[in-house]
Amino acid sequence: MELEQIFQDKIDKEIRIEPKDWMPEKYRQTLIRQISQHAHSEIVGMLPEGNWITRAPSLRRKAILLAKVQDEAGHGLYLYSAAETLGISRDEMTAQLLSGKAKYSSIFNYPTLSWADMGVIGWLVDGAAIMNQVPLCRTSYGPYARAMVRVCKEESFHQRQGFEILLTLSKGTDAQRKMAQDAINRWWWPSIMMFGPKDDESPNSVLSMKWKIKRFSNDELRQKFIDVCAEQVKVLGFTLPDPDLKWNEERGHYDFGTINWDEFWQVIQGNGPCNKERLDARKKAWEEGAWVREAATAYAEKKRVKNTLRVA
Amino acid sequence: MHLNINNLLSLADDALILGHRNSEWCGHGPVLEQDIAISNIALDYIGLARNLYQHAATLINAGATEDTLAYLRDVIDFKNHLIVELPNGDWAQTILRIFFFSQYQRLRYQQLLLDTDKQIAAIAEKSLKEITYHIRWSTDWVLRLGDGTAESKARMIKAADYLWPYTEELFVDGFITKREWLATIEPVFLEATLALPSTKQLLQKGIEGEHTEHLGYILAEMQYLQRAYPNSEW
């Protein structure tokens with residue numbers, strides 16, 4: 001009880017919790033779940049955009065997209081490292097991803113059908129991620145907060161490049177504008193689902209708020225995101241696919257239509273358009289890489305033995 | 001020494017096509033750190049291709065840009081060596097191609113440092129730093145896989161047998177001799193406990209536009225948007 005009191009005091013005084021500090025087991029487990037889920041999202045999230053690297057329409061776009069997807073691998077790396085400080089190995093986390101035990105963001109279970117999807121993923125998906133992630137730079141667990149500072153810097157660049165792709169398409173031909181509007185129509189609702197279930201149906205939220213892992217509720221962040229996007233879409237000259245989207249003077253926010261939560265839960269349960277493909281792609285990379293990892297370990301061991309002999 | 005436009009395009013096409021091939025690994029690498037490394041190498045190649053195409057475009061004039069050169073030429077106009085357009089295969093084949101090609105590139109770009117065209121010399125200087133890293137990275141992998149496990153060694157032998165005939169083409173235009181290139185390959189193979197392959201030379205004319213069937217598919221994929229939506233800004 002006393003340890004728990006000291007822990008909560010630190011949280012309340014905004015003192016970061018560090019790996020060697022005492023923490024409640026549930027705090028540790030919550031963080032492992034959240035950080036690994038976040039890391040897996042970065043890695044699985046490489047696939048829908050990776051799908052367009054070889055088809056990017058100009059050399060400049062190709063270079064930017066490749067660098068962006070590579071950044072996501074880097075984010076995965078920081079986040080796996082942050083989770084490892086809580087006593088779980090990267091291999092264990094990978095096994096949990098591949099077995100389906102660990103989740104990743106459902107948004108990546110949707111297909112990328114046109115080049116405009118690269119713009120929309122940057123604008124909406126990275127935009128929603130930033131909205132979720134900026135508060136995490138102040139999250140109570142030190143290694144996670146520090147990893148998120150780096151992640152957020154790069155994400156805001158990603159979002160700008162996505163918006164810029166759409167801006168270019170908006171000034172382009174009719175075919176390009178059609179492509180962009182179609183992509184917005186497909187990604188809008190899944191993007192606002194990225195903030196998670198409604199507050200009254202979000203099982204992990206109360207404790208996460210008390211422990212300052214989370215600082216804003218799902219619904220607060222979702223509203224903030226919708227307010228921003230409803231204005232930005234005007235700059236692009238496109239529309240969001242929600243007939244109920246309307247400024248509410250009294251609330252000082254946009255009202256919006258009903259989210260299809262059935263779709264949300266379906267995708268989480270594995271029935272989204274690309275769940276199987278995404279996981280199969282990760283399994284394939286992991287299994288086909290097994291002999292490479294074994295060879296690297298074997299070679300390092302041979303080197304170590306040689307060096308030991310030399311020193312002796 | 002001075003390059004003609006075909007030589008310049010040949011250098012650019014090599015960089016673009018090998019960059020394209022390596023970029024296919026992004027998201028699918030055997031381990032996260034190496035996924036990042038090979039994407040980085042792909043980025044270096046694409047960056048190099050852009051520098052070379054931009055320069056070629058100024059020499060060609062007539063509305064050429066880096067993108068018209070990359071996206072609006074067809075197979076018979078591409079002047080890359082065949083080795084860069086071959087499929088990636090497994091990790092052994094991928095890293096060995098980078099090793100063979102980077103060793104060739106280092107020799108080639110050292111010559112370009114002395115090119116009378118200052119822009120070419122500047123591009124060469126920048127690229128050599130990257131090429132040096134690619135050599136170090138791929139050398140490490142040749143050693144690890146050659147002298148790793150029985151399986152990795154078997155895969156390296158297979159990869160070397162497959163790629164070896166295509167290395168001959170690197171020397172046909174006479175800029176680099178096979179002897180000086182071999183001198184960079186042999187010590188690494190020796191340390192990796194690998195024998196040099198004895199597979200035969202093939203008839204190869206990639207730099208004259210006679211390619212393998214693989215290049216058509218690369219271009220079909222790479223050029224799809226530019227071809228399907230002509231005259232658009234992206």
Side-chain angles (χ1 to χ4, degrees), chain A residues 39 42-63 65-67 69-74 76-77 80 90 94 114-115 165 168-169 171-173 175-176 179 281-282 284-303, chain B residues 16 19-40 42-43 46-47 49-50 53-54 65-67 69-71 90-92 95 140-141 143-153 155-156 192 218 221-226 228-229 231-234:
Chain A
E42 298 283 356
I43 302 308
V44 177
M46 295 170 75
L47 299 170
E49 287 175 288
N51 184 34
W52 281 87
I53 291 171
T54 54
R55 289 179 290 171
S58 71
L59 294 179
R60 175 173 162 263
R61 292 291 182 201
K62 189 190 283 292
L65 183 61
L66 180 53
V69 179
Q70 188 201 26
D71 279 350
E72 283 154 14
L77 208 53
Y80 282 127
R90 205 207 295 179
T94 302
S114 78
W115 171 250
I165 288 176
T168 307
L169 293 177
K171 295 173 186 158
T173 63
Q176 287 176 306
M179 189 189 281
R282 288 314 310 157
K284 184 167 181 280
W286 186 249
E287 283 160 13
E288 288 180 0
W291 70 270
V292 178
R293 296 188 299 274
E294 280 158 23
T297 309
Y299 180 75
E301 179 59 19
K302 280 186 198 175
K303 276 284 238 202
Chain B
L16 177 63
H20 181 98
R21 278 297 191 211
N22 288 329
S23 79
E24 293 172 3
W25 274 103
C26 183
H28 307 278
V31 64
L32 202 44
E33 286 81 350
Q34 298 305 326
D35 202 306
I36 294 173
I38 196 151
S39 301
N40 221 18
L43 270 172
I46 291 167
R50 293 187 67 190
Y53 283 134
Q54 283 164 11
T65 67
E66 57 171 8
D67 288 329
L69 293 173
Y71 288 90
D90 63 7
W91 190 248
I95 63 97
D140 284 348
W141 273 109
L143 297 177
R144 273 187 208 121
L145 298 184
D147 194 17
T149 61
E151 178 175 6
S152 69
K153 186 187 212 78
R155 284 175 182 265
M156 280 301 282
I218 294 179
E221 189 172 343
M222 187 172 78
Q223 299 179 339
Y224 139 70
L225 281 165
Q226 288 274 357
Y229 302 91
N231 304 316
S232 306
E233 291 294 319
W234 298 97

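In what follows, chains are A, B, ... by sequence order, proteins preceding strands, each numbered from 1.
Heavy atoms of B:N40 lying under 4.5 Å from chain A belong to its backbone as well as its side chain. Contact of A:Q176 with chain B is made through the side chain alone, with heavy-atom distances under 4.5 Å. Contacts between A:I165 and chain B at a heavy-atom distance below 4.5 Å are absent for every atom of the residue. Using a 4.5 Å cut-off between heavy atoms, A:S58 touches chain B through backbone and side chain atoms alike. Contact of B:A92 with chain A is made through backbone and side chain together, with heavy-atom distances under 4.5 Å. Residue contact with chain A, scored on non-hydrogen atoms closer than 4.5 Å, involves the side chain of B:W141 exclusively. Heavy-atom distances place the side chain of B:R155, and not its backbone, under 4.5 Å from chain A. Looking at B:L32, both its backbone and its side chain come within 4.5 Å of chain A, counting heavy atoms on both sides. Only the side chain of B:L16 comes within contact range of chain A, judged by heavy atoms closer than 4.5 Å. Both the backbone and the side chain of B:A42 come within less than 4.5 Å of a heavy atom in chain A. Heavy atoms of A:R293 lying under 4.5 Å from chain B belong exclusively to its side chain. When heavy atoms are compared at a cutoff of 4.5 Å, A:L77 approaches chain B by way of both its backbone and its side chain. Only the side chain of B:D35 has a heavy atom closer than 4.5 Å to any heavy atom of chain A.
Options A:A281, A:G172, A:A63 differ in how many heavy-atom pairs under 4.5 Å they form with chain B, and the most are formed by A:A63. Per-residue heavy-atom pair counts under 4.5 Å with chain A were compared for B:I218, B:T149, B:I36, and the maximum is reached by B:I36. In terms of non-hydrogen atom pairs under 4.5 Å with chain A, the most contact-rich of B:H20, B:Q226, B:R144 is B:R144. No other option in A:E49, A:E294, A:M46, A:R55 has as many heavy-atom pairs under 4.5 Å with chain B as A:R55. When each of A:G289, A:G76, A:A73 is checked for heavy-atom pairs under 4.5 Å with chain B, A:A73 comes out on top. For the set A:T173, A:L66, A:T168, A:L169, the entry with the most heavy-atom pairs within less than 4.5 Å of chain B is A:L66.
For B:E33 and A:R90, the salt-bridge test passes: some basic side-chain N is under 4.0 Å from an acidic carboxylate O.
With no hydrogens or angles considered, a side-chain donor-acceptor pair links B:E221 and A:T54 at under 3.5 Å. Donor-acceptor pairing under 3.5 Å is lacking for the side chains of B:W91 and B:Q34.
A:R60 forms no cation-pi arrangement with B:W234, by the criterion of a distance under 6.0 Å to the ring centre and an angle within 45° of the ring axis.
Here the side chains of B:E24 and A:I53 are not in contact, with every heavy-atom distance at 4.5 Å or above. With contacts defined as side-chain heavy-atom distances shorter than 4.5 Å, the pair A:V292/B:V31 does not qualify. Within the 4.5 Å cutoff, side-chain heavy atoms of B:Y71 are placed close to those of A:L59. Counting only heavy atoms from C-beta outward, the side chains of A:W52 and A:V69 never approach each other to under 4.5 Å.
Of the possible polar contacts, none joining the B:K153 side chain to the B:L145 backbone as a donor-acceptor pair under 3.5 Å is found. Not a single donor-acceptor pair under 3.5 Å links the side chain of A:Q70 to the backbone N or O of B:I38. A donor-acceptor contact shorter than 3.5 Å is absent between the side chain of A:K62 and the backbone of B:I46.
No more than 12 heavy-atom neighbours from other residues, nucleotides or ligands sit within 6.0 angstrom of NZ on A:K303.
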